[in-house]
Protein chains: 2
Amino acid sequence: MTSQIPTVVSRSTLKRLPLYLHVLEDLQRQGQEYASCTMIAGKFDFGPTQVRKDLEVTGAEGTAKIGFKVSALVKDIKEFLGWHNAHDAFLVGAGNMGKALLGYKDFDKYGLNIVAAFDQDPKKVGTKIFNKEILPMEKMANLVKRMHINIGIVTVPAEFAQGVVDIMVSVGIKAIWNFAPAPLQIPEGIILENARLTQSLAVLTNKLTMNFDKEMKG
Amino acid sequence: MTSQIPTVVSRSTLKRLPLYLHVLEDLQRQGQEYASCTMIAGKFDFGPTQVRKDLEVTGAEGTAKIGFKVSALVKDIKEFLGWHNAHDAFLVGAGNMGKALLGYKDFDKYGLNIVAAFDQDPKKVGTKIFNKEILPMEKMANLVKRMHINIGIVTVPAEFAQGVVDIMVSVGIKAIWNFAPAPLQIPEGIILENARLTQSLAVLTNKLTMNFDKEMKG
DNA sequence: TATTTATCGATAAAAAATTATCGATATATT
DNA sequence: AATATATCGATAATTTTTTATCGATAAATA
């Protein structure tokens, strides 16, 4: 009998798992030992079936009438997301967003460790931001290989993003976390995940506009 | 005959529109007058039908064999997203992410204008970040009313997020852009849009982990 | 001990999103 | 001028995602 766990997991499910994790860690702090899908779903605007289906992909198992053991579930979700041990990453673009990410202390909780940053600007090179060195772009190739870096974070302006991504791919980066609002071309086999604020903002401003339109009419 | 434009637009569509906008503005700079869905889709990993369906919601009209007039399409998308004129916003939490957003120069392109920031920390209050004043929380209520602010941006740590949101709602904020990795409760009628980096990161680290697992096996 | 209840796990149904198809049309080509 | 082609707009088919249903089970309650 083979495993029931689906081999391909939807983005939607993957994006809900960190939400559950947050709730579960809260429960853990409160000393709760078990949690049911009903309880977790209570924190969100969707139902327990959704939660149950999402949790299924992690391989976690619950018991009827009781729910899931919180500690085990946290562990299962973290392992599934790859957050149980840290992935080293390089960041390119020490601007405002770059700085914010370099200063974010909780990334270790999320399986990310930004080792160093790179920038074109000679004025930035050689300085440190949150105790992390800013290096010249030329040094990236060697260091990626020497340090076995797999993740590249792109926080440069849109017009430079494709160039940076091309370099990253050429030096052996396997996964790219992109913050630039530009569509990027990447070769087969490289993982690209976009974290574009403008997309989220679009949803917000559209809803707001729709609301005003409604008020005008009604 | 009523309009063919759907009254409710999916998140997925809303999130793709800024991508098209970026491509279109590139084309505009290059002096291209017309753009077809086929051409736009070429920049992404989905087809022209998807693009056509998305553009439909904006009310834009194209012509067979030619495509859409770029300038008109840009205008239609911007208006649909509410990016044609700026929405004033307050930001709460002048930490790293807060600073990054305060320093982001292109928000005016996306219909957002961060007017001022608020913080609990007395050391921050009174200072300026990117020429924007950091004010004490107590001043928010009055200013929201006086300045007719509709958008609140939450960049505080997770444990303070719900408290900040409650204040925002109570002083009359209509839409909340949340960067804290916490599930938030909001009353009916308030718009909440989450821009949580951890969700995006989850997708990345999971894919990376899956890739390694595959390599181990095969 | 029997009954009720909350939950899981699995499956089925419903809804939503994506992709394919096709007639109409505007331009380019023969 | 006739034919070929690229594209739109609309609709249909497909796929994916979400939600509902239901038997099994573990605990609580009568």
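For B:Lys69 and D:dT7, the NZ to C1' distance is 18 Å, given to the nearest whole Å. Look at CD1 on B:Ile66: it is 9 Å from C1' on D:dT7, rounded to the nearest Å. Counting to the nearest Å, the P atom of C:dA17 and the CZ atom of B:Arg11 are 11 Å from each other. One interatomic measurement links the two molecules: NZ of B:Lys15 to C1' of C:dA17, which rounds to 15 Å at whole-angstrom precision. The separation between A:Tyr34 atom OH and C:dC8 atom P is 13 Å, rounded to whole Å. The distance between atom CG of A:Leu14 and atom C1' of D:dT16, rounded to the nearest whole Å, is 15 Å. In this structure, the CE atom of A:Met39 is 16 Å from the C1' atom of C:dT5, given to the nearest Å.
Contact check on A:Arg29 versus A:Glu25 returns no salt bridge, with no Lys/Arg side-chain nitrogen under 4.0 Å from an Asp/Glu carboxylate oxygen.
The base of D:dT25 does not come close enough to the side chain of A:Lys65 for any donor and acceptor atom to sit less than 3.5 Å apart.
Residues B:Val169 and B:Ile176 meet the side-chain proximity criterion, which asks for heavy atoms closer than 4.5 Å.
The phosphate of D:dA26 has neither OP1 nor OP2 within less than 4.0 Å of any side-chain N or O from A:Thr63. For C:dT7, one of the phosphate oxygens OP1 or OP2 lies less than 4.0 angstrom from a side-chain nitrogen or oxygen of A:Ser36.
Against DNA chain D, the stretch residues 44-55 of chain A makes heavy-atom approaches under 4.0 Å through A:Phe46, A:Thr49, A:Gln50, A:Lys53.
Figure legend: cation-pi geometry between B:Arg16 and B:Phe44 absent, as NZ or CZ is not positioned both under 6.0 Å from the six-membered ring centre and within 45° of its axis.
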